[in-house]
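This report refers to the structure that appears directly beneath it.
Hydrogens, waters and symmetry mates are skipped; everything else that's a heavy atom, side chains included, is used. Note that ligands are numbered from 1 as they come in the structure, with each ligand's atoms numbered from 1 the same way.
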Amino acid sequence: MALLGVNIDHVATLRQARGGAEPDPVWAAVEAQLGGADLITVHLREDRRHINDDDVRRLRPVVQVPLNLEMAALMDIRKLALRIVPQMVTLVPEKRTEITTEGGLDVAGQIQTLRTFIAPLKKAGIILSAFIDADVKQVRAAAKAGFDVCELHTGPYANAAAAQRSGSLETLRAASEAVVNCGMRLNAGHGLNYENVGAIAALPHMAELHIGHAIISRSVFIGLRQAVALMKAAAHG
Ligand code: PXP
């Protein structure tokens, strides 16, 4: 059964809307864990638009499940990662103008650069995940670069019109097989919600689902603990 990683960035987004201390993402991490989160994810962006360095430092001792730090390949954030030592780092591409991560990381175009960038993180015992499009070429490149995990971008599937959905699922299935055949762990995320998560959770060898927006949105009405528990039920219905 796939594990559930809960991305709590949007709790910090809400905090930043007024510039105070509430709501605190550390409290969110506690509530998410009480709801059954198997991992906690935060994305420390270059512009620190939601999660900041202090959040990551405060989260580290409070998060009792594996902490997954999402980051772009930036030196100052790598420095922080090496101080904090989360269990997993997920490398993502980042654009200042995007609202959320748009496409997957182009690993194929920068295999050697990424291999060099992730080497100290791997040496520190951190599991390295590449957030990539469901593209076999990118999967093979991720294996060559030394990643342990591929998180396949499920946005195109989540956003597809009904007629295109099965095609998107087949693309994900082919990429999933390539991930497993290359000896890496298979994760998936982006755009998943209570309605569409089941088909992705059911893909063979799916290890982790990484979900943020849908869970945080639902939590506004029913609380985070219950929103997390409900997502686990929706995934494995
Ligand atoms: N995985 C990655 C790599 C992401 O960047 C995000 C968005 O922060 C997610 C998963 C979660 O996406 P969503 O908020 O759409 O569930």
For ligand 1, which atoms have a heavy atom of [X] less than 4.0 angstrom away?
X	answer
Asn7	8 (O)
Val92	3 (C)
Glu151	1 (N), 2 (C), 3 (C), 10 (C)
Ile211	16 (O)

Inset, instruction - Would you kindly say whether Asn68 and Thr41 are connected by a side-chain donor-acceptor distance under 3.5 Å? - result: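 The answer is yes; a qualifying pair exists.
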
Legend entry - Nearest-option assignment for atom 2 (C) of ligand 1, heavy atoms, candidates His153, His50, Glu70, His213: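 Ranked by closest heavy atom to atom 2 (C) of ligand 1, first place is Glu70.
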
Legend entry - Check: Gly155 main-chain N/O paired with Asn159 side-chain donor or acceptor under 3.5 Å: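 Yes; at least one donor-acceptor contact below 3.5 Å.
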
Inset, instruction - Do me a favour and list the nearest non-hydrogen protein atom to atom 9 (C) of ligand 1 with residue, atom name and distance? - result: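 Answer, as residue, atom name and distance: His190 CD2, 4.0 Å.
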
Inset, instruction - May I ask you to say whether Arg45 pairs ionically with Asp55, meaning some side-chain N is under 4.0 Å from a carboxylate O? - result: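 A salt bridge is absent here (no side-chain N lies under 4.0 Å from a carboxylate O).
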
Inset, instruction - May I ask whether Gly191 has any heavy atom positioned less than 4.0 angstrom from an atom of ligand 1? - result: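 True for this residue.
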
Donor-acceptor list for residues 224-235 side chains, cut-off 3.5 Å, not counting sequence neighbours:
unit_1 : atom_1 : unit_2 : atom_2 : d
Arg225 : NE     : Glu31  : OE1    : 2.8
Arg225 : NH2    : Glu31  : OE2    : 3.2
Lys232 : NZ     : Gly36  : O      : 2.7
Lys232 : NZ     : Asp38  : OD1    : 3.3
Lys232 : NZ     : Asp38  : OD2    : 3.2

Inset, instruction - Check whether any side-chain heavy atom of Val11 lies under 4.5 Å from a side-chain heavy atom of Ile216, and answer yes or no. - result: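 Answer yes - side chains close enough.
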
Legend entry - Nearest-0.5 Å distance that lies between atom CG in Leu74 and atom CG in Asp76: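 If we round to the nearest 0.5 Å, Leu74:CG and Asp76:CG are 6.0 Å apart.
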
Legend entry - Gly212 N/O to ligand 1 N/O under 3.5 Å: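 Such a contact does occur with ligand 1.
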
